[in-house]
Each structure stands twice: as C-alpha cells, then as structure tokens.
Amino acid sequence: MNSAKRLAAAGTLFFALAAGVHAGVAPSVSSCSNGPTPSATLLLPYFEVDLLGQDHQTTLFAVVNAGNHPTLAHVVLWTDWGVPTLAFDIYLGVNDTQTMNLRDILNGVLPVTGGTPLNGCTNPVTLPALDATALTNLRKQHTGQANGSGNCSGSGRGGVNLATGYMTVDAAQACSATIVYPLQAGYFVAGGNGIASNENVLLGDFFFVDAAQNYAEGNEAIHIAADAARFGGSPSTFYGTWIGRSGDDARAPLGTKYRARYLTGGGFSGGTNLVVWAEPSVPTPEAVTCGHRNEFVDPCQYLRTQAFSEDAVASAQVQSNVVPQVASRMSVGVGADIPVTAPFGFVDFENRVQPFCLAEPTGDFPLQSLVIPLHSAAGRYAVGFNAFRIADDLCEPPVAATAD
C-alpha cells in the first residue's frame, strides 16, 4: 500500500476510534474481557510446529461446543504476518470436543467430522484437498520461504523448519466452497447472517508440546464474544483491520495495554516468553516481495514495552517503530527481545499508532493486542497465565436502556 493510501486509511481509523475513545465515558475492562466463556470466535494467538520430526515442537488445540444444539466451526490458519493460508470446517455435536495437532494439519491431515448435515455441508464435512504442491506451498507460507513468484507470506523467523502463525475458529452456520476467509465478502454479514454466525457457543484451549525435550506449556484460548447490539457496525471490532472497519463481525475488541509478570530467576531456569498478538494498522497483501516487508507495514505503528522490577524500579521504555509480525513469541531477560535487569517483575505492553502520521494534535491511538506470559524451568515444568488487561480503549461502554 502506498503512503497516501496508508495515511488515508489511518486517518479514517483515527476519526472512527476517536469518537469512541474520547466519548467522555470510561469503558469497562471487565465487559470486554476475553475470559473463558462461550464465545463466537476463538483465537490461538501463536503456534509453532517443528517440521523435522514427530517428537519435536508442535501445537495442540481443542475446540468445544458448549451450545445446546450442533454447530459448525470454521478454522482458519494465518501466517505470523496475518495472511490467511488455509480454511476448513468442523462439525461439533452438543458437548462435542475436537482436538487438532497443527503438525497433522501442516502434513495435510485435516480432522474428519460429520453429523446431521447443516447448511451447505456434507456428511462427513468436505475438506480442502491438499496435494503435494498445495502442501509445499502451505509450509512455505508458514516458514517464510519464497513462492514461485519470489514473494513471502510470513517472517521465517524460526527458520525453514519451524512453521509459525496463529489460528482463528469462528462459530459458523454454513459451509461454503468459495467464501472461506474472514476478509471475503459474505463471510461476515451484519446481524450474523453470513457464513460466520454470532452464536457464543465455543470454548477452547491450547498446548505447546515438545516431547523430545520433555516439555509442555499451555493456556486457555482467547475467547471473543459476539454482540451485535453493542459492537455491530463499530469500527473497533476484533476482525476490524481485515474487514474494512465495517463492524459486520460484531466481535468484541481485544485490549490495548497489558501487564505481564516475568520470572527469570530462582527455579524458573527457562525464564519467561511472551506470546504476543498485535493487530496491524494496515492489512498485509496476500504475499509481498521477500525482504520488502517493511514497505507494506505502516511505519506509524509501534510496539512499546516497559519493564518494572518487584521494587517498582522502571527500566527505559523500548519502542519498536516497525511492527513486523502479528503473531510472535518474545523472550524476556538480559539481552532478550524485552531486556530486563531484575530477575522478577512485570512488563507493560502497548500497540499504538503515531499521531504525526495523521497530522492530528490529539495524540496517538491504540490498536488491539494480546499477551500471554509463559514461565518455565526447561525440561521440568511450565506454567502459563493470561496477562492482566489494564486498558480497554476500544471497548465502547454498553448503551444504557431507555424507558418507553
């Protein structure tokens, strides 16, 4: 996207967000909490799969139907740049659970499900065909390798044998051979009348597993509720960047500032890693020329982190003015991605857009983000907790009921 289009898009976003952020009413953090409650969308904010062997790093994900009737769930894989690469449907009966190994998926083995056929579906549910060429391309997209045109869809930060990205799962009411990604017309329709539905019926969790290292860590999935009355038509929804800020997804936005504990001493010999999901200010094309990612990343966007020791001693703020990944895993420690000096403390994390890019004096404005700290003693134990969501600038307060 050229700079003129980028600034126009950013300007539109600024005015849309400013109306909600500066409305004079403080939003409620708890009302937009992404805690484990039945939701319309699940987010696996980051995954890793070592493609070398069955006992190496992989990611497991489970989705549960908590509703009182059968449902469809639409699974989408995205690269760490936010480019969708694969989509398929799963059928879930009442109280049904479907577990998926991302290694199986990247090997072309998709979950076969079936039951009472729902709109446009077969029994079992039809899955996309992944021949050798399609499978090779899928792996290249998630390992940052060039396709036949010399374009890349992901960072390749982990090397050619480590596939990374993130995954979304949406409650769905129909199967479709042509409308498969959230950014396509007809996937989200106002009122929940598209391929995706607004039913809050899904629960989920995930694990990072490395059998060779005798190691596993996990957490609940990020649960994103749909509320058409509150978020329908809002520019600040979870899928906003990918659907032109239409608000048709009616999904609650994620938070804008998080506080995460870090533990890099004592028994935590493996230290702390932060799983980070950061909304881009400009959506990425399907693929870009390898090595030219920054030309397609809005230079106005930045990530800001600041660490504090347990004695409340603050480190200098660290600001990255180019946000290369939507989904990433960041280390915390001496000489790490997020440098700290004290062995224990916490890190504040923000995802924002600079005001000078908009020629507006009112200050920068926030974008969605998500942080999950993972603490470990390598080969012995690991624990994961959601970070504390301490700012919710995009979550509009509920509309008060009026008497007739």
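For Thr164 and Glu48, the side-chain atoms include no donor-acceptor pair closer than 3.5 Å. Side chains of Arg230 and Ser234: no donor on one and acceptor on the other come within 3.5 Å. Between the side chains of Asn351 and Gln368, no donor N or O sits under 3.5 Å from an acceptor N or O. No side-chain donor-acceptor contact under 3.5 Å links Thr71 and Asn65. Under the 3.5 Å distance criterion, with hydrogens and angles disregarded, a donor-acceptor pair is assigned to the side chains of Trp78 and Thr168. Side chains of Gln173 and Ser197: a donor-acceptor N/O pair is absent below 3.5 angstrom, by distance only.
Side-chain contact check for Pro280 versus Thr241: some heavy-atom pair is nearer than 4.5 Å. Under the 4.5 Å side-chain criterion, counting only non-hydrogen atoms from C-beta, Phe88 is not in contact with Thr126. Inter-residue side-chain proximity for Val288 and Asn151 is flagged as unmet; no heavy-atom pair is nearer than 4.5 Å. Side-chain contact between Thr143 and Leu51 is present, with heavy atoms from C-beta onward closer than 4.5 Å. Contact of the Thr136 side chain with the Leu138 side chain is not registered, since no non-hydrogen atoms from C-beta on lie closer than 4.5 Å. Counting heavy atoms from C-beta on, the side chains of Val276 and Ser369 never come closer than 4.5 Å. With contacts defined as side-chain heavy-atom distances shorter than 4.5 Å, the pair Val76/Tyr181 qualifies. Proximity of Val340 to Ser315: side-chain heavy atoms (C-beta onward) are nowhere separated by under 4.5 Å.
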Can I get a per-line list of side-chain donor-acceptor pairs under 3.5 Å for residues 93-101, giving both atom names and the distance, sequence neighbours left out?
from, atom 1, to, atom 2, distance (Å)
Asp96, OD2, Gly93, N, 3.2
Asn101, OD1, Thr58, OG1, 2.7
Asn101, OD1, Arg103, N, 2.9

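With ring centers used as reference points, Trp277 lies under 6.0 Å from Phe238. A centroid separation of less than 6.0 Å is found between the aromatic rings of Phe188 and Tyr239. Taking the six-membered ring for Trp and the full ring otherwise, Phe206 and Phe61 have centroids separated by 6.0 Å or more.
Relative ring orientation between His375 and Phe268 is described as perpendicular, the plane-to-plane angle rising above 60° on a 0-90° scale split at 30° and 60°.
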### Task
Please assess Thr256 against Leu394 for the test side-chain contact (heavy atoms from CB on, under 4.5 Å), listing each intermediate value before the final yes or no.
CA-CA 7 Å; Thr256 57; Leu394 304 179; 3.7 Å; yes
### Query
Given Phe207 and Thr59, is the side-chain contact (heavy atoms from CB on, under 4.5 Å) satisfied, shown in steps?
CA-CA 6 Å; Phe207 294 91; Thr59 303; over 6 Å; no
### Stepwise side-chain hydrogen bond (donor to acceptor under 3.5 Å, both in side chains) test for Thr41 and Asp170
CA-CA 4 Å; Thr41 292; Asp170 296 314; 2.6 Å; yes
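The pair Arg261-Glu310 meets the salt-bridge criterion, with a side-chain N (NZ, NE, NH1 or NH2) lying under 4.0 Å from an Asp/Glu carboxylate O.
In this structure, Arg329 is positioned above the aromatic face of Phe208, its NZ or CZ under 6.0 Å from the six-membered ring centre and within 45° of the axis.
Remark: Glu286 engages no residue in a salt bridge (charged side-chain N to carboxylate O under 4.0 Å, His left out) (not counting sequence neighbours). Partners of Asn198 under the side-chain hydrogen bond (donor to acceptor under 3.5 Å, both in side chains) rule, at least two apart in sequence or in another chain, are Arg251.
Within the model, atoms NE2 of His142 and OH of Tyr166 stand 10.5 Å from one another, a figure rounded to the nearest 0.5 Å. The structure places NZ of Lys257 at 9.5 Å from CG of Asp393, a figure rounded to the nearest 0.5 Å.
Within the structure, salt bridge (charged side-chain N to carboxylate O under 4.0 Å, His left out) contacts touching residues 130-159 (residues at least two apart or in different chains) are Arg157-Asp337. Applying the salt bridge (charged side-chain N to carboxylate O under 4.0 Å, His left out) test to pairs two or more places apart or on separate chains, none has a residue in residues 63-89. The salt bridge (charged side-chain N to carboxylate O under 4.0 Å, His left out) pairs that include a residue from residues 104-116 number zero, where partners must be two or more places apart or lie in different chains.
Of all heavy-atom pairs between Ala382 and Glu217, the closest is CB-CB, 3.6 Å.
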